[in-house]
Amino acid sequence: MKLVLMGAPGAGKGTQAQMLKEELKVPHISTGEIFRDNIKKGTELGKKAKEFMDRGDLVPDNVTIGLVENRIKEDDCSAGFILDGFPRTVKQAENLDRILEKSGDRIDCVLNIEIPDEKIVKRLSGRRVCKHCGKTYHMSYSPPEKDGLCDLCDDGLIQRKDDRVETIRERLNNYHRQTKPLIGYYREMGILKEVDGQGSIEGTFESLKKMLGVNE
Ligand code: AP5
Ligand code: MG
């Protein structure tokens, strides 16, 4: 299944994708994760992306589209994938369609996780991620078993640099301006499904599975 997860910053895309990939047995591709990984390794791509990400701006389309095109050509994507955080502009969406069309393919479903703006700051300022495996926690809503340590690999948890309040506001502005128009784009294509992301992590996961017709 070729799936796109959409939603504002902090809507729960990464959290749900980490669970859905086990269910659907397809890779989870987060452009944000790929950029952060490249920043950590000090690559050219990381250097290009960093200045935009630190400001809460989108990385330019010409950098991002090529990156995804190469990633979805890899063998592990032959049975499908979950795209998290891509596409984020109409230009990215049009290019994704064009890339898939070349092999007679298309996106099967776009799941839009909805959450009001006022909940986003609380979600993002409490987020912590494992610096080793990237598993996501929340200090109040989804804390680790041992304070400050990942349940899976016992490594330390860190806060993302773009989760400072001023940067969160900028990311949110950019979401409304550049990414929200995609809702109409996919609605018109007839592949958009909308889910309320305000419930619990598990409740949202159940709703997503139901929409995808995945059996419990
Ligand atoms: P990216 O990493 O994609 O960030 P984002 O879209 O801003 O989304 P987040 O990762 O912040 O939120 P999420 O929806 O994944 O929420 P999460 O599950 O973690 O992108 C980062 C940057 O990279 C961008 O700003 C841009 O610069 C660049 N970039 C990436 N893709 C790009 C592209 N295509 N084009 C251009 N630039 C691009 O959950 C958040 C918190 O809430 C967690 O703590 C979690 O535990 C908690 N939580 C989740 N669900 C629930 C729930 N139901 N109840 C309570 N708490 C919950
Ligand atoms: Mg994420």
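When a ligand or atom number is given, it counts from 1 through the structure's own listing order. Keep in mind it's a predicted model, so treat the numbers as computed, not measured.
For R128, no nitrogen or oxygen atom sits less than 3.5 Å from a nitrogen or oxygen atom of ligand 1, counting backbone and side chain alike. Not one N or O of F86 is nearer than 3.5 Å to an N or O of ligand 1, by distance alone. Looking at ligand 1, you won't find any N or O of P87 less than 3.5 Å from one of its N or O atoms. At a 3.5 angstrom cut-off on N or O pairs, G7 does not count as close to ligand 1. For the pair F52 and ligand 1, the shortest N or O to N or O distance does not fall below 3.5 Å. Note: no N/O pair closer than 3.5 Å links T136 and ligand 1 by distance alone. The shortest N/O to N/O separation between R160 and ligand 1 falls below 3.5 Å.
Residue, atom and distance of the protein heavy atom nearest to atom 8 (O) of ligand 1 are K13 NZ, 3.1 Å. With hydrogens left out, the protein atom closest to atom 37 (N) of ligand 1 is V59 N, 3.0 Å, a heavy atom. Counting only heavy atoms of the protein, atom 31 (N) of ligand 1 lies nearest to T31 OG1, 2.7 Å. Annotation: atom 49 (C) of ligand 1 to nearest protein heavy atom, T15 OG1, 3.6 Å. Shortest contact from atom 19 (O) of ligand 1 to any protein heavy atom: R127 NH1, 2.6 Å. With hydrogens left out, the protein atom closest to atom 41 (C) of ligand 1 is R123 O, 3.5 Å, a heavy atom. For atom 38 (C) of ligand 1, the nearest non-hydrogen atom of the protein is F35 CE1, 3.8 Å.
Listed by number with element, the atoms of ligand 1 under 4.0 Å from a non-hydrogen atom of R36 are 2 (O), 21 (C). Residue contact check: D57 has heavy atoms under 4.0 Å from atoms 26 (C), 27 (O) of ligand 1. When each atom of ligand 1 is checked for a heavy atom of Y137 under 4.0 Å away, the hits are 43 (C), 44 (O), 46 (O). The distance from ligand 1 to the heavy atoms of Y141 drops below 4.0 Å at these ligand atoms: 55 (C), 56 (N). Remark: ligand 1 atoms within the under-4.0 Å shell around heavy atoms of Q92 are 33 (C), 34 (N), 35 (N), 36 (C). Interface of L124 with ligand 1, defined as ligand atoms under 4.0 Å from a residue heavy atom, comprises 11 (O). Heavy-atom contacts of G14 reach the following atoms of ligand 1: 13 (P), 15 (O), 18 (O) (cutoff under 4.0 Å). Remark: ligand 1 atoms within the under-4.0 Å shell around heavy atoms of G85 are 31 (N), 32 (C), 33 (C), 34 (N).
In the hydrophobic clustering of this structure, L67 groups with L83; members are Ile, Leu, Val, Met, Phe, Trp, Tyr whose side-chain heavy atoms approach within less than 4.5 Å, directly or through other members.
We find that E94 and K91 are not joined by a salt bridge, their nearest charged nitrogen and carboxylate oxygen being 4.0 Å or further apart. Between D84 and K13 there is no salt bridge, since no side-chain N of the basic residue sits under 4.0 Å from a carboxylate O of the acidic one. By the 4.0 Å N-to-carboxylate-O rule, K119 lies too far from E114 to be salt-bridged with it.
Within the 4.0 Å heavy-atom criterion, the part of T64 lying near ligand 1 is the side chain and not the backbone. Contacts of R171 with ligand 1, taken as heavy-atom pairs under 4.0 Å, involve the side chain alone. Here S200 has backbone heavy atoms under 4.0 Å from ligand 1, and that is the only part of it that gets that close. Contacts with ligand 1 closer than 4.0 Å are made by no heavy atom of Y175, backbone or side chain.
With hydrogens and angles left out, the side-chain atoms of Y175 and D117 include no donor and acceptor closer than 3.5 Å. Residues T167 and D162 have side chains that never bring a donor and an acceptor to within less than 3.5 angstrom of each other. A donor and an acceptor atom, one from each side chain of N174 and R177, are located under 3.5 Å apart.
Considering only heavy atoms from C-beta on, F52 stays 4.5 Å or farther from V63 through its side chain. The closest side-chain heavy-atom distance from R88 to M6 is not below 4.5 Å.
Open room surrounds CE on M139; 12 or fewer heavy atoms of other groups in view lie less than 6.0 Å from it. Counting non-hydrogen atoms of other residues, nucleotides and ligands closer than 6.0 Å to NE2 of H176 gives a total above 12. Within a 6.0 Å sphere centred on CZ of R98, other residues, nucleotides and ligands contribute more than 12 heavy atoms. Remark: K41 NZ is loosely packed, at most 12 non-hydrogen atoms of other residues, nucleotides or ligands lying under 6.0 Å away. At most 12 non-hydrogen atoms from other residues, nucleotides or ligands lie less than 6.0 angstrom from CG of D147. The environment of CD in E188 is sparse: at most 12 heavy-atom neighbours from other residues, nucleotides or ligands sit within 6.0 Å. Environment of CD in E166: crowded, with over 12 heavy atoms of neighbouring residues, nucleotides or ligands closer than 6.0 Å.
The closest heavy-atom contact to atom 53 (N) of ligand 1, among the options G56, G199, A8, comes from G199. The option with the heavy atom closest to atom 16 (O) of ligand 1, from among G197, A17, G12, P143, is G12. The residue from R88, M53, E33 that puts a heavy atom closest to atom 20 (O) of ligand 1 is R88.
Under a 4.0 angstrom heavy-atom cut-off, G10 registers as being in contact with ligand 1. Not a single heavy atom of G126 sits closer than 4.0 Å to an atom of ligand 1.
Side-chain N or O atoms of S142 include none that pairs as donor or acceptor with a backbone N or O of Y137 at under 3.5 Å.
Minimum heavy-atom separation, K135 to Q18: CA-NE2, 3.9 Å.
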